[in-house]
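Every chain is numbered from 1 and lettered A, B, ... according to where its sequence line falls, protein lines coming before strand lines. None of the values given here were measured: they were computed from a predicted structure.
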Protein chains: 2
Amino acid sequence: MVRLRDVAARAGVSLSVASRALTKDAAARISDETRARVEQAAAELNYVPDHRARALRLSRSGAIALVVPEVNNALFAAVHAGVHAVCTPRQISVLLGQIDPSDLGQGAALSSLIGNGRVDGVVLQRSEQFSDDDVSEVIDVDVPVILFNSSLPTHIGSVALDDRAAVQVAVEHLTSLGHRDVAYIGGPARHDAAFRRRAAFDQLAATGGLRTLPEWDVPGGWDAPAGHAAMTALLQASTRPTAVLVANINAAVGVLAAAAAQGVTVPRDLSVIAVHDTWIGAYTCPALTTVLLPMEEAGVRAATMLLDHLEGGALEDVVVAAPAPALVLRDSTAPPR
Amino acid sequence: MVRLRDVAARAGVSLSVASRALTKDAAARISDETRARVEQAAAELNYVPDHRARALRLSRSGAIALVVPEVNNALFAAVHAGVHAVCTPRQISVLLGQIDPSDLGQGAALSSLIGNGRVDGVVLQRSEQFSDDDVSEVIDVDVPVILFNSSLPTHIGSVALDDRAAVQVAVEHLTSLGHRDVAYIGGPARHDAAFRRRAAFDQLAATGGLRTLPEWDVPGGWDAPAGHAAMTALLQASTRPTAVLVANINAAVGVLAAAAAQGVTVPRDLSVIAVHDTWIGAYTCPALTTVLLPMEEAGVRAATMLLDHLEGGALEDVVVAAPAPALVLRDSTAPPR
DNA sequence: TGAGCATGCACAATCGGTTGCGCACCGATG
DNA sequence: CATCGGTGCGCAACCGATTGTGCATGCTCA
């Protein structure tokens, strides 16, 4: 490994001059000629500063952690893409973290993963399985944490999606098709994005004159098995809705499977629309009508805020409203019979 | 932040004794009483060693990189799970990397991401878009690289799946159902796992007396759009096969969609079986019959080999044969009409 | 009683960069 | 001619941990 010392020797200068020249320290008084000589020496030797040494000296590791409940999720990919896009040009690495619920309780769940200066900050997507207290425990580290699509009392620094707008797009699509009997299959009870969507639906249903029966109120979830179970339960209702709004596309995949299993033809017998859009939406049968949320942009916002904060910027709670949630019209919705 | 110095002071010993006591250096001559005192002090102060300093001193960063072509893939999740399972108990962090083809050529694609001692090693899943030369360029770093499910001439250190066995399971399932006219939709031409599967199919088809028409030989790929395109092309054939073996489940999702779009009913008109199994297989319509490969175990093997190698172990090229590829019987295969 | 040895601990170098400060040299000014 | 300010650069102290080596002390044995 070629060290700064080698560069300095080749350029015929001291370590300090070499360092200042290479870090482009404008305040340093170094002649242009010397600067050039150092840079050339560095180039010739193909010098790359040692991250470890720099990290130690600067108390900066040059990496952030992206912690998500499950990697196995197309939505995660979009968030990661956004974070990645911000970090790469800034020469920041992204550490991937996953917190298993089983890790909780023994204190320092995140801490063992990212503690001790391994990363400079964290973007944390809250798992549905974690309570407020769990999250509080997890984020008890000495680096800034941005909560992604999840909030926490007293915590500042979060990026959320415009859940209400997303639900509104879906509801308006259904009502414009003529639906009045709309069931809602939400996310996990504890998750606050799920809560926001639920609240938005309830309110929009009320003001929009939708009919929502108590028996349509079935427990939901974010994944396909949860959607399957919810739909199976929903189809037991004595009166069936003409449309179902599913809070998550992965759950909607399960919803479609359950409908097919029960002999319900979508969209003839039932319209299905889901929040979030991933590649799978185009390949279900029928292809899913969805609401596309700006996940990648949200990832960009989260990473940007975090990195800027490390440079002295302020933390805030933002809602990513642009681009606005957009209807992706496919084949799972139609006017009621 | 509490430093080793603080622990030493509290325990009333020097830095060196504190260090040796906490690292449980058996060779060091330290009285049991002193050891206990140091450990208690560390516990009271809630001391955690600084990763940066330790990394500098030991020339070890305590992290490895997991580089994959695309995070947006359920298969990746399984690999990650395996790697994660190995690394977590060893207190190793996993850095997530993604190499865009656009990064190539400017030298140091990986190097900027993981170079300079940021990680101690790399598990690299080769992208289909990279040539041998591209990969060679990418892995030109000064840390060990384990190639995952991809090989490279002259490179030692890889973990591959038993592609032949997987294809064999699929072929035997189809033949046992009575199929003779079987088309194969493979992966990208350059990818060597794709090559192995293709070769296995060709050989098994020949020995098994399968009929394979040249017009069934359509370009494939790993993802749903590729599968969709391949199936659409295949259905143009003057003679149609009675079954299709798809080299990847994601592609098979596209295959099913294309079949449905063309009015082909699976499995009545056509059986479809895919290599790899993910959650989506249970939710397509019809649910996909697949061959489950030990992806997580492969991730475990890769990470284990890498970490052991850092301790002096040897690198080798292994094929993960156990658990053996297993048929996951669902609804997309049936006897030919 | 003194040599010899094991024990228990501390000193100081080291990893590779960054940075506050001081030193030497220059031309300019009074 | 002495002083002053600016310029260009190097010395050395860090960051926090690990580790080779050396120095006491206390014991045993001749």
Side-chain angles (χ1 to χ4, degrees), chain A residues 1-39 41-42 45-63 91 115-120 142-143, chain B residues 1-39 41-42 45-63 91 115-120 142-143 310-311:
Chain A
M1 171 187 290
V2 36
R3 289 149 304 178
L4 183 58
R5 166 191 312 171
D6 305 320
V7 176
R10 186 184 190 92
V13 296
S14 69
L15 270 176
S16 45
V17 169
S19 173
R20 284 186 246 254
L22 290 180
T23 53
K24 311 215 183 300
D25 183 347
R29 301 177 308 230
I30 302 179
S31 69
D32 289 347
E33 187 213 349
T34 305
R35 292 193 122 95
R37 218 171 49 234
V38 172
E39 284 182 10
L45 293 175
N46 198 19
Y47 168 75
V48 229
D50 187 303
H51 266 112
R52 296 174 289 230
R54 179 174 271 176
L56 175 59
R57 180 61 226 240
L58 299 181
S59 298
R60 272 295 178 77
S61 66
Q91 300 268 70
N116 334 325
R118 185 161 292 198
V119 297
D120 301 327
D142 49 3
V143 293
Chain B
M1 171 188 288
V2 34
R3 289 149 304 175
L4 183 57
R5 167 191 311 172
D6 305 321
V7 176
R10 187 184 189 90
V13 296
S14 70
L15 270 176
S16 45
V17 169
S19 173
R20 284 185 245 255
L22 290 180
T23 54
K24 310 214 183 299
D25 183 347
R29 300 177 311 230
I30 302 179
S31 69
D32 289 347
E33 188 213 349
T34 305
R35 290 194 123 94
R37 218 169 51 233
V38 171
E39 284 181 10
L45 293 175
N46 198 19
Y47 167 75
V48 230
D50 186 305
H51 266 111
R52 296 173 291 230
R54 177 174 271 177
L56 175 59
R57 179 63 225 246
L58 300 182
S59 300
R60 271 296 179 76
S61 66
Q91 300 269 66
N116 333 326
R118 186 164 293 207
V119 298
D120 301 328
D142 50 3
V143 293
L310 293 177
E311 309 296 333

**Student:** Considering just the side-chain nitrogens and oxygens of B:Tyr47, establish if one lies under 4.0 Å of OP1 or OP2 belonging to D:dA17.
**Tutor:**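 Answer is yes, contact under 4.0 Å.
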**Student:** What integer distance in Å separates A:Leu4:CG from D:dC14:P?
**Tutor:**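 Whole-Å distance recorded here is 20 Å.
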**Student:** Write down the distance between CE (B:Met1) and P (D:dG16), rounded to a whole number of angstrom.
**Tutor:**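 One finds 7 Å between P of D:dG16 and CE of B:Met1, rounded.
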**Student:** Nearest 0.5 Å please: distance from the CD1 atom of A:Ile30 over to the CZ atom of A:Arg37.
**Tutor:**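 The CD1 atom of A:Ile30 sits 10.5 Å away from the CZ atom of A:Arg37.
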**Student:** Considering all heavy atoms of both residues, which atom of A:Leu4 and which atom of A:Tyr47 are nearest to each other, and what is their separation?
**Tutor:**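 Closest heavy-atom pair between A:Leu4 and A:Tyr47: N-CE1, 3.3 Å.
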**Student:** When you measure from the side chain of A:Arg20 to the backbone N and O of A:Ala26, does any donor-acceptor pair fall under 3.5 Å?
**Tutor:**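 Looks like no, no N/O pair under 3.5 Å.
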**Student:** Give the minimum heavy-atom separation between B:Val119 and B:Ser61, together with the two atoms involved.
**Tutor:**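 Heavy atoms only, the tightest pair is CA-OG, 3.2 Å.
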**Student:** Is any N or O donor-acceptor pair between the side chain of B:Ser16 and the base of C:dC11 shorter than 3.5 Å?
**Tutor:**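 Under the 3.5 Å cut-off, the side chain and the base do form a donor-acceptor pair.
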**Student:** How sharply is the helix from C:dT1-D:dA30 to C:dG30-D:dC1 bent, taking the axes over five pairs at either end and rounding to 10 degrees?
**Tutor:**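 Comparing the first five pairs with the last five, the axes sit 80° apart.
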**Student:** Please answer whether the main-chain N or O of B:Leu310 pairs with a side-chain N or O of B:Arg60 as donor and acceptor at a distance below 3.5 Å.
**Tutor:**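 Yes, the answer is positive, given that a donor and an acceptor are paired below the 3.5 Å cut-off.
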**Student:** What is the distance, to the nearest angstrom, from the CG atom on A:Leu58 to the C1' atom on C:dG16?
**Tutor:**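 My rounded result for the distance is 11 Å.
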**Student:** Would you indicate what A:Arg54 reaches in the nucleic acid, counting non-hydrogen atoms under 4.0 angstrom: base, sugar-phosphate, or nothing?
**Tutor:**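 It contacts sugar-phosphate atoms only.
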**Student:** Identify which nucleotide among C:dC15, C:dA12, C:dC9 has an atom closest to any side-chain atom of B:Val17, counting heavy atoms from C-beta outward.
**Tutor:**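 Closest nucleotide among those given: C:dC9.
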**Student:** Is a salt bridge present between B:Arg35 and B:Asp32, judged by a nitrogen-to-oxygen distance below 4.0 Å?
**Tutor:**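 Looking at B:Arg35 and B:Asp32, the cut-off is not met.
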**Student:** Using whole Å, report how far CZ of B:Arg60 lies from P of C:dG16.
**Tutor:**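 The distance from CZ of B:Arg60 to P of C:dG16 comes to 15 Å, rounded to the nearest Å.
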**Student:** Kindly state which residues belonging to residues 20-39 of chain A come within less than 4.0 angstrom of DNA chain C, counting heavy atoms of the residue only, listed by number.
**Tutor:**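 Contacting residues: A:Arg20, A:Thr23, A:Arg29.
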**Student:** More 5' along DNA chain C: B:Leu15 or B:Leu56, using each one's nearest nucleotide?
**Tutor:**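 Closer to the 5' end of DNA chain C: B:Leu15.
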**Student:** With a 4.5 Å heavy-atom cut-off, do B:Thr23 and B:Arg54 have their side chains touching?
**Tutor:**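 Of all side-chain heavy-atom pairs linking B:Arg54 with B:Thr23, at least one is under 4.5 Å.
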**Student:** For D:dG16, take OP1 and OP2 only and decide whether either is under 4.0 Å from a side-chain N or O of B:Arg52.
**Tutor:**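 So the side-chain polar atoms of B:Arg52 never come under 4.0 Å of the phosphate oxygens OP1 or OP2 of D:dG16.
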**Student:** Roughly how far, to the nearest 0.5 Å, is the CZ atom of A:Arg118 from the CG atom of B:Asp50?
**Tutor:**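 B:Asp50 CG to A:Arg118 CZ: 10.5 Å, rounded to 0.5 Å.
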**Student:** Between A:Ser16 and A:Ser19, is any side-chain donor less than 3.5 angstrom from a side-chain acceptor?
**Tutor:**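 No, no side-chain donor-acceptor contact under 3.5 Å.
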**Student:** CZ of A:Arg57 versus C1' of D:dA12: gap in Å, rounded?
**Tutor:**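 Rounding to the nearest Å, CZ of A:Arg57 and C1' of D:dA12 are 11 Å apart.
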